[in-house]
Structure formats: C-alpha cells, structure tokens
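The structure appears right after this line, and notes come after that.
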Number of protein chains: 2
Amino acid sequence: MTDQVLTPTLSDDELALIDAYWRAANYLSVGQIYLLDNPLLREPLAPRHVKPRLLGHWGTTPGLNLVYAHLNRVIRHRDVNVIYITGPGHGGPGLVANAYLEGTYTEVYTGITEDTDGLRKLFRQFSFPGGIPSHVASETPGSIHEGGELGYALVHAFGAAFDNPDLVVACVVGDGEAETGPLAAGWHSNKFLNPVTDGAVLPILHLNGYKIANPTVLSRIPQEELEALLGGYGYRPITVAGDDPANVHQQLATALDEAFDQIAAIQRAARLDGEKGRPLWPMIVLRTPKGWTGPKEVDGNKVEGTWRSHQVPLSETRSNPEHLAQLEDWLRSYSPDELFDDDGALRPHLREFAPQGERRMSANPHANGGLLLRDLDLPAFPDYGVAVETPATGTAEATRVLGTFLRDVIRRNPDRFRVMGPDETASNRLSAVLEATDKTWLAETGPDDDHLSPDGRVMEVLSEHLCQGWLEGYLLTGRHGLFNCYEAFVHIVDSMLNQHAKWLYSSSHLPWRRPIASLNYLLTSHVWRQDHNGASHQDPGFIDHVANKRPEVVRVYLPPDANTLLSVADHCLRSRHYVNVIVAGKQPALTYLDMDQAIAHCTRGLGIWDWASTTTGEPDVVLACAGDIPTLETLAAADILRHELPELGVRVVNVVDIMRLQPDTEHPHGLSDREFDALFTTDKPVIFAYHGYPWLIHRLTYRRTNHAQMHVRGFKERGTTTTPFDMVMLNDLDRFHLVLDVIDRVDGLGTRAAMLRQRMVDARMAARRYTRDHGEDDPAITNWTWDSDYQATSLSQQTLSERR
Amino acid sequence: MTDQVLTPTLSDDELALIDAYWRAANYLSVGQIYLLDNPLLREPLAPRHVKPRLLGHWGTTPGLNLVYAHLNRVIRHRDVNVIYITGPGHGGPGLVANAYLEGTYTEVYTGITEDTDGLRKLFRQFSFPGGIPSHVASETPGSIHEGGELGYALVHAFGAAFDNPDLVVACVVGDGEAETGPLAAGWHSNKFLNPVTDGAVLPILHLNGYKIANPTVLSRIPQEELEALLGGYGYRPITVAGDDPANVHQQLATALDEAFDQIAAIQRAARLDGEKGRPLWPMIVLRTPKGWTGPKEVDGNKVEGTWRSHQVPLSETRSNPEHLAQLEDWLRSYSPDELFDDDGALRPHLREFAPQGERRMSANPHANGGLLLRDLDLPAFPDYGVAVETPATGTAEATRVLGTFLRDVIRRNPDRFRVMGPDETASNRLSAVLEATDKTWLAETGPDDDHLSPDGRVMEVLSEHLCQGWLEGYLLTGRHGLFNCYEAFVHIVDSMLNQHAKWLYSSSHLPWRRPIASLNYLLTSHVWRQDHNGASHQDPGFIDHVANKRPEVVRVYLPPDANTLLSVADHCLRSRHYVNVIVAGKQPALTYLDMDQAIAHCTRGLGIWDWASTTTGEPDVVLACAGDIPTLETLAAADILRHELPELGVRVVNVVDIMRLQPDTEHPHGLSDREFDALFTTDKPVIFAYHGYPWLIHRLTYRRTNHAQMHVRGFKERGTTTTPFDMVMLNDLDRFHLVLDVIDRVDGLGTRAAMLRQRMVDARMAARRYTRDHGEDDPAITNWTWDSDYQATSLSQQTLSERR
C-alpha cells in the first residue's frame, strides 16, 4: 500500500472532478445494463423504462471505470500516449461509457448523439437485439481485444508495446483471468520487452476478489506472498487498496504518478544513458470491492464486494418494486444532473477532463491498427527461388529456402515485422533469419548463447499461447508477422484463433475499423515428418479447426515445394485481415515447379500437372493431391502407373489452396461447379491424397457432381515413432496403396492390373520388412525421382527375391 | 542452495552405490539412443553397431535419471509410496532405462530379458520402426503421461495426488515446460490440495538451462527472483546446484530428505494435530548441466551444459570415426562392466538398490490406474427423472436435473469422484451438488464465501487447463470424474484432449494396462444459449475436434432433454477408456420423453419419434435433429407442417449419439447402411437440424445412399449478443426456416405449400421485428408447446395485421 503522503496528489478540486468523471462512467454503465428509456431519470423510474432482459456484467465495471478516469488524468498531465487493454472484457458497458464520454462514440456512431436521445439509444442498444455486444468487442472504440474469453490481456498488451517506443499499454488484469494459463505465463513477457525500442506495459492487477461464483486465488493469498510472486515475475508492484472513494482516488493517483515516473526513468536510462539489462517495470495492484458503488445488499444478501455483483445485482427490476426502487436509488447516487446538462450532454468541466483527439484512449489509432498499417517492404520473392529444370528430380528444404526470403523481409522492415515461434525457428529450418537479426532476450545471458539480444526480431518462448498472443497484439496495432509452429501443437491456441477470427469477421463490418495485416501461420514439422517424435507430435487437425471459421477470413495453403512456398508466403504477407495457414515441409524434398510455374500454379490455387499426367484429354482416373508428402506419393504412384499401365489415362491435379475445392457459394476462393468438374471430371474416380484428416476433403466437396467418386486418403490417426515411409504406409497414403486404390476404382483394367495389384501388396510388405530390419526406409523408395530407374519393377523383383 | 552439512547425508558406500545406479541408467539411456548391437561394448564399437537413424533426446535424460535414483533411495529408506511424473517427456530413454533396471520392463515385456540379448533388444527397439516411442508414453511402465506435449506435468501430478493420502507424486518440471501457460498456472494447484485427505506433490524444477535452441527464462533470472516467484506460488524451494556428481549427490540426498521430512510434518500436523490452513509445501530446484556426463565438446563446440545436447550430441557416428570414438568413450565412461555381469544382468548390489514390488515407481499401480479402478456406486438414475406425460408440453432445466443425480453420485463415492469446472458449476446449474459437498479451497476464506472447504469435491478454478489436467491425472490414477464447461471455451483444452485421446488409444493395445474411467465432458451454456454473452461464447466446434480422434475412443452425445441427459450421463459414468462429450442445455426447455422412453431412445442412440411424425410408413420428408435447440425447432416445424400440410408424410428422427450416423465400418457405434436407410430413407429429402457446424453431419453421412438429399442446418458462425430465437434465425435453424427447407425440397406440394412458404417468410420477418422492438423474443414463439394453440396461423395473422 502506498504511504499516505503529506501533500495529497489530488487537490480537492481534482479529486471532485475525477470522482465526478468516474460517477459519469458508472452511471452510463448501469444505464446500459438496465434502461430502455428515461435515461437521465427526468421522471420517476417505472418498470417500462427497464429492459425486459437484463444482460451485462456490473461487478468488474466500476474498477475499469476508475482506472480509466485516472489514466485520463495522467494522459492530460503528461501528454502520454496510452491505450487501454480490458482484461475483464465482460465489463463492456464501462468501455462503451468511456468512449461516449470522450465523444469518440458519437464520432464513430453518429446516431448515438450527445444528448438525451443519444443516451437513450446508447442504453437501449447495449446487449439488445440488433445492438452491440455485452462484452468489449471490435464494436467498442479503443479496444483491440475481444474480451469474451479470458487469458490474453497481458500478451496482447506486450504485443502492442513491441516496436512502439512511445506507447504505454495500460492493461487491466482481472483476478479471475489471472488464474488462466496464458495470463500466468504472460507475466514473463517482460523478459522480451526492450526498453529502448519498445513501449511500456503497465499491468494493473485488479483484485476485486471474486469470479462468477468463487473467490479468486490471488486475492486470497497473503499480501507478502502476492508481492513475492509479482516480484518473482520481475515487477515492482505498487498496491492501492480501499473502499472509500476519496481515499482510493488519492492512492491511485499517487500510484499512477509513481508508475509513470518509473517508466519514464527506465526508458531514459535505457535510451539516453545506455543502461543495459532487464529493468524491473512497475505495476499496480488494485484492491477494490467488486461491484463497488452498486447495491450493498439485495434481498438480504450482501452484494457489493461479493461474487453476487458479478452480473446484474438487481434482477427483478420489472416485477419487484423494491428492486426497481433500489435501481433508481443506485442510479441517482451518481447524481446524473450534476453530470449531464438539461439536453443530456456531458457538462463542460467533465468533457474537458478527458484527453483530446488521438490522446483519447478510445480514439488512439494504435487501437485501430489498420489506420497505422504500412505495407511491408518485400523483396522480390522469385529471387529466392530454387532452379527446377525438370520436375521431381532435384530437392530443396522448403522452409530453409523460405528462411532466406524472411531474412530479407526482416532486414527491410526493422520496425514492423516479427517472427514468433515456440523455440522452433531453428528446428523449423528458418535459421537464415538469424543472419539478419537475433532472438529477443532481455534476461541474463551466457557464453554459450546463440543469437540473443534485446533487439532481436525473432521471438522464441516455449509457449504457443505467448507467441500467438504477442503476434495478435502486434497485428492488431498495425504491424505484420509470422508464427512458425509445429503443426500438432498449434492446437494449443485453437481457442485464441477462434477469438481472433471472430474479431476479424466482426471488425470487417465496421467501416471505421481499417483492415489489419493477416495472421500468418507457418505450420511445419508436420504430421508426416514427426516420425521421429512420435504420436504426440502428429496431428493435422488445425486445418479442420480453421475451416470451421467464417470463410471470409480464413485461407489454407499447402504448397508442395520450395518455390510454391515462396509464392504463397509472399501472397500471405501482402494480404489483409485473414487468417492464413500455410503447411509446408522442412525436410529435403523434391521440387516440382520452377518459379514461373509456381507463381502461375499458386495464382490458380490448383491445377493439372500435365507433365505428370498420361493424358491431356478426359482421363480414366484423377490423382489429386494436397500437401508436400501426399504430392510426393501421388507422383510416385503416377510414375508406377505410367510404366505399368501406360494405356490408363491418368490426370494429376495438385491443390495448393484447399478452399478452392469448395463451391464459390461457400467461400470466396471456391471454384464454380463448371471449373471443378473440368478438373475433377463428373464421373471418373478421383484418388485424393491429402495432408490431413481425409474427411475435410469430403466436407469441402460433398456438393460436387463427382463427389461419390472421390476417394480420399489422409491421416487416420495412425502414428508412432517410426520412419517417414512407414508413416504414410500406416495411413494407407503411400504410393503403392494409391496404385491399389486406382486399380480398385477403375473398372475394366484387366489382368495386367490385377498382377500389378499383387505387386503393390508385395511392395508394401517388402517396404515394411525393410524398415523393420534396417531401422530406416529403403533408399530405393526414398530416393525415388521422376527420372530415376523405374521403382515398382525393382521393388517387386526385390520382393520376389526375398521370397526365394 | 543447501548448506554443506558436517555429516554428509550419504556415506561413501551409499554415494558410490547411488552414483553407480545413475551411471547404469545413463548407460542404458545412451545405449537406447545409439546402439543396434554390441550392447555391453564387449567388442570395440563399430559403425554397424550404431543405428542408422539417431532419434532421441539426451539433454534432459541424465537429470531425470539422477532424480529417479535418488527417489529410489528415499523410497527404500522411508518405505514411501511414490510415483514419478516426467515433465520433460522427451527423456523417454531414461524412464525406460529405470523400468528395466527395476525389472519391471522384463515383467511387462517378457521378450526384453535381463541379459545381453535383452539389452540388445531394449536398445534396438527404442525409436525404431515397430519398436517403442521416443518419448515417455503409455508403453513406458510407470508413466501416466504422454510426454510429447509439454505443459501438463504439474496438473497431472496434482490430479494424481487428490484422494490418495499416502501417495507422494514426484514431478519433474523442465525449465522449458515451465514457460508454458498450463504449467505456469498449475503451480497454484497447491490452493486445492488438502493435506488431510490428499497426497503430496513434490515439484522438482529442473533448471538445466536450455530448451531446443534457447536458454530458459527461469534459469536466467536472479536466484532471489526465482525464489520469490516460487515462494509467491506458495512453495518452500530447496535448491541443489552443481556439476560435480559427488557434490550434487550429497546435496540432492539432503534436499530430498528435507523435503520428505517436511511433507511428513505437514501431513502429521494436518491429520493428527488438526492444523488448518494451507501449508507451504516443499519443492526442489535442481540446477545441473543439460546433457550432463555426455560429450563435453563435439567438433569444437561445447555440448555438455548447452542447448547442443538437447537431442543427439554426436550425430555422425556411422560416418565420422571421431564421433564414433567419442561415443565409445562416452559409453565406457559409465564403466558398464562394473554395472552388468558377464551375462548382461544388472549386478546384485545395484538390483538391491531399487525398491521392491509395487514400491518400484515403474510398477506402482497408481501409474496404471485401471488396476486400482473401482466402479462408481451409482444411484438409480431413473429416480431423478422428471415426469413427462405428454411430450413437448412440460419443461425442465436439464443440467439442474442432472445436478441432483450428480449430488448423490458424490455422496456415494466420497473417495473417487470429482467434478471439475472453470468457475461455472453454478452457472451451469449443477448447484445441487453443493448440497452434498463444497468447492475445494485451501486459500484464505471470507465471510461472503459460498460452500468452500478443503474437503470439497467440486473443483473450480478459472482455468480450463487446470480442470482438464487435474481430471486427467485423477482418471489416469484410477478414479472417476466429470468436467463441466462452457461449450465454446472447452477449445482451450483441444490439445490436451488430443494427447489424452492418443494415450487412451495407444494404451488400449497394451494388455498390461487396464482400462481407466472415461473422460466425461458436460458441455453446457452452449452455442444456442450464449445469446447473452455474445459471439465470443458461441462455438460448437469441440465436437468436430473430437470426431477427428480414433473412433475406438470417442463418443459424442446430444441428449435433447432432461431424462435423456440422465440416461446418457449414467452410461458415460459407467463407461471405460473413452472420451465422452455430452452437450446439453441448462435453460428451461421442453421435455419429450418419459424415463422409459428416454432409456430406450438413448440405448438405440437415435430413433423415429412417432408421436411427432404424421406417418408411420414411408415419409415424404424426414425431419432429423440432434441437440436440444435443434430438436425444439424441428418439433415446432413439424407442428406447423402437421397443421398446414396434413397430407405431407413427415417423419421426425432424433439423434442422441451422433456417431451412429457413421457407417459401422468407421465407428463401433455406426449404423449399418440398412439400418440407416430404414431411418433416413434412400431417396427422400432429409432436413437435418444439428447443434453444431453443419459440415460434421455431412462428414459422418457422406457415404450413405441418401446423402445427396441430406440438407443440414446448423451453426454458421453467425452470432452476437441477442435473443435465443434471434440466434437460431441468424443461422437459418429456426422452425420457420425448416418449414421453408421442407417446402423447397419436397416436389409437387402445390399452391397451399407456396402460400405457407410466404407465411413462413413473413413469420421470420415478424419475429425479427418483434425482437428488435421489444428486446426479447415473441412469447408466442418461445411459449410454444406441442399442444399449444397453433402458432403459424396466429403468427401470420399478426404479420398481416402489422402490414395494415
């Protein structure tokens, strides 16, 4: 607790003013939750003035409003650049109230005027059909943050602060939210914040003591334990506690002055005096009652200061006259007539209390990142391509090639592009980026460290939550980035992806919000090449998860080789307001397309590979593939077929952009039925080798004419620690099985096909035996290229020789 | 750091013995990673003795082995009951090595004998095709934990300790893992551990300093900051640090004695002296080099003590003679001949060092929970049912009814059943459970708290990760439970579900592992009834996620009312080794089936509701539904049709168990095509109203004869804060739209249908207008029952009157 100072920070006038402002925000908050009409209580409150359904969260709101008012004072006094992250996002009414008090709300939503009628509309629309959401959301000016799911306030705050040296991100952390994993891990983000080139994060841990129905852990440990914890996280906590408004106002004003002084001192020391090392940043611990200034007791139960104030303290205001009277008393306790004039406009002295223009936290452009977004300066990606003279003969490591491109993206954009990864950037073979930069690190260093520095633009921490949350915060404030991740473990952030996708979709309908850079995932170390780590590392389901989101905002790419990866990555880095998922391999793999072909192929998103097909006319069978390994196996199967059944008309179709498989009525990238039928025929068997769970392809194509003939191979959740080829065999995705599928699906192939069928069965057995005997795959299989000596013959000979 | 004691804890002999045991485990670990043959180096190491693919993680392994050896000493000295949770699960070789040294491995896998040939097989099988996984896994005796995905060690440990008063769960937390969210939040689990009735968790934070390619955060903050952090989490850390084995052995022995003394003292005080409150539990901080005892330098780079030792320190042992020589030196540095006799058996003094029988951590039955599993004593669930005299006329809150059943499950099973929830048990209307028990709480309490006590069997914390992790640990050690969660936010644990499902599937193939209780999810506050919280709370995709897992282990139930929920819940609580997902509503909702009907319907999993159908013969259209809200809308649509188009043959099919929709070749619950066709016809339109994303129904049914006629309505990711009926209208799942769908799909309906079509369009407009005007749904819609005055007529009249 801060010591009582002899000269209070706030003069009496200042205290009265800040308290009035707080009351105004509280009044507007309660009004939003309850009132349909009679917004300024110019007549006695009647049941008809109250909403029939009471939706909203009061408990956290007075605390949010208190902090907001005090930050306004600091902003005006110091002319600082501050945005406000609302951890307890269910306190939506408070943030709407403050945006309205600052005039921003009326600027953005011109129908919500600054008069009695505007107030009526403001109140009515809240949590009302056709109105605005109950929680902080994209509709809320000043928010970068969908506040419905708890856990991400702090990581978003740090993401916003990176590369914004003049910004202070005030971040209210609810004590409920503080129990979540992402929040608990997020405190350590201070080991990744550079006081020279990044802004500051000021966490405000709001201990109002309760969640929905329970006390919170951090409010129920001894103060010394709490201070040890926060000190252990690397912060200097300043505690403000009380339930007397005047006293708390003084404490909080003093605490914020102290915190902003410390921030300024830290930044001065680092920037001007060259001080090195990780500073201990200040933070605030705010202990005030939940539902403060609301009803103290309802129906004989204590409400203020308890979990009972979490949502709507008075629930029967239409039917229970006592509740109605309590509501009226509560509203009048804020003295609305002192706050709003006869026309319903905020009185001038309160209006003047708010900061002006872009200094208003509700109008700060950092909270509408698209306003600040500048295009990336991208090098010409074709310059990084690999030479491909004949397809499927040379090899490259796709992500290693991409790394050289990303290296130069980093070089050219030193202030607005970051690469995040959970300690996997090198493992994912993007190490070239370290030629241009280091990995961000403000903690202690040692002699054996590799490429660590405070200036690093690659951010590595063993938490997918932190990577995702930092990147979201960075993008939402108008910058660019890429999250590289093992494919299986990106599921850790499924729920964060949900919320970000919802934000993108809802914000795209708000003309005053500008598009932001896309959230780009590079998923590598993918399911087919985690043979060495085993089952726990094998899961391609993130694509399915993403495919359930609104089609307007999601894109999924499976470039089959290095040049297509470059083309796709360039496209994604240029795109806006999407979630782009790129799945690509990191192992040495065949290259198929030269750069011009790659660009053309990626532009179409899918297409026939004539060089691998045996007919340019109507085929007997379509071999379709999406993903690097399925493409490899499909081509190897096509190679067998062209040698063994040369009369069979085989068409090979490769799919990079799997959303093209959907009808154009379902996804903006979708093919028309005519285009789809032209590729996949209307009646021929399609053997589709797909990277992930096979059902996704059915889900995307079930409306197509030829769907009944689509036969999909993919990951069937069969995995373990084994070899790469054994992985595809375990899941029936191997070249031999694809040939089997063709033979079983195409009618009238005759004896030669029947013999080939048996040879394929034998080849699978032989391959498995070889793997089990040698502990590695048969090189005759893994060294296959399009121009290599023909494989099936030799394999079947080998099998025969083994039989002897 | 512990002070140097005058009398060392270990005598010289003890020190030599423990060091030899550690060397033996290290030797076997390196052998597994590298050797194909020549397991005891009885001949000079040659390239052919080395595996062609070197897969495994050395870096963490010597630390795991060190702790294991020292715990063995403690177990023998004190005769304590200890299991070992391996946070750094990639240290698989170490745990396999220890299980082998203890003889357990040979007992379980009789082919891996305790001789030279057994050693050869032990080494060869590791990370080898057809062998065992690289990471700790179900195949590893003594593990309860798939160690591939980091983050869950501590929550699993606490879950294992609950209701196991005699158990000490030693939990190694890697400093990489410590950066994850779930681990960071998991430290606070000590606020939920009752020293009287629960066992103890001994966290051992292993600071070996590095992850894959980076230092770790916790190893790079000052020692005092680290101690503050751990103290802030509520632990008393005891630090052991060094790189001299003899010195570290003494320190660690002393530290473990101290820790076990403290645990015993805490438990004595709580159990015998009645001491109240939350104790400060001991923990160990172990700072030893990564890859300790491995190669110090390779190719001029420092390896021991750096990130370079993370996986395979010597990578070219087949091709580079220097690497091969280094490997041989490394292996010989453990003096294998001192450890194993001429036949390859562990020498007797080392064998005797290990604990015996079930005291061996690798053979402790708690780590094979199915061995200890006792059935729940379940009350007769029909006794809790609601009376249903005529269908779709009365109402009940399904989860509130279930709460009374769960209350008595808790009463009857005070030692083996827990309910977990992220602060939502009351919100999810399961409050009846609090008549039988409290919510677990060891932190401070206050006068306004509700049902908190150390004995509580309902566990609430605002972290889905903790709920899931605790429950997993609890189940894996042979107990039962239920996780109740908001449907949208269960995505937070998607990745944990993946790993648990993989564990269930892989362990089901191990005859020595016994089935455990199913992981039961009750998802309520679901997508259709989060109208008040808005878009962030609306996501039904967890079902899709689960449906991608192996069919052998996943089940999904959508009981439409209270009695069916009871029947399903009873079934799930009795089941074994599944993931059961139950989605059910908490709001007052119509009841359809009396208890006998409910049991029959749930037993079939789906069926025709004759009472709602207009024909018992071949219908003109099938109205199918799954989920409480879709069922409501479907019945309301059926009601319109029976009045307006009585000549239309309507069949209503309700689906509880959606896996029945799949072919029987795909899922054990799947219907044969014949059965499916009998319900859904082979050629009639099926209007399927489904709870979640509509594509799942297509994915489950695309192979069915009549799939082309399946028309699915579900959640299309259209949501916001609005009213319940507006939610279904936004997604075209409402009764009026379902009637539209019927009219548009059934041929030859004539003029009357065309007029009805227009009335349905009007009714939707009117309903929307009513909602927008009144802020709540039209009671004419929400009060609909099967026997109410007919709705469509009145609605269309209303519309007509409004037109005037």
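Below, read A as the first sequence line, B as the second, and so on, with proteins coming before strands; counting in each chain starts at 1.
Although no hydrogens or angles enter the test, the distance criterion places a donor-acceptor pair under 3.5 Å between the side chain of A:Lys439 and the main chain of B:Ala213. Side-chain N or O atoms of A:Lys502 include one that pairs as donor or acceptor with a backbone N or O of B:Ala535 at under 3.5 Å.
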Can B:Lys549 and A:Asp539 be said to form a salt bridge (Lys or Arg N to Asp or Glu O under 4.0 Å), step by step? CA-CA 10 Å; B:Lys549 306 298 110 184; A:Asp539 188 301; 2.7 Å; yes

Kindly determine whether B:Val217 and A:Trp441 satisfy side chain to side chain contact (heavy atoms under 4.5 Å, CB included), including the steps that lead there. CA-CA 9 Å; B:Val217 169; A:Trp441 191 256; 4.1 Å; yes

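Contact annotation for B:Ala488: only backbone heavy atoms (N, CA, C, O) come within less than 4.5 Å of a heavy atom of chain A. Both the backbone and the side chain of B:Asp448 come within contact range of chain A, with heavy atoms under 4.5 Å apart. For B:Ser127, the parts sitting under 4.5 Å from any heavy atom of chain A are the backbone and the side chain alike.
Judged by distance alone, the side chains of B:Tyr505 and A:Arg718 do bring a donor and an acceptor atom under 3.5 Å apart.
Looking at residues two or more places apart in sequence or on another chain, you find no salt bridge (charged side-chain N to carboxylate O under 4.0 Å, His left out) involving B:Asp544. For B:Arg772, the salt bridge (charged side-chain N to carboxylate O under 4.0 Å, His left out) test picks out B:Asp726, with sequence neighbours left out.
Note: A:His707 and B:His707 have tilted aromatic rings, judged against thresholds of 30 and 60 degrees for the angle between ring planes. By the 30° and 60° cut-offs, the orientation of the rings of B:His135 relative to A:His537 is tilted.
Side chains of B:Glu717 and A:Asn548 form no contact here, defined as non-hydrogen atoms less than 4.5 Å apart.
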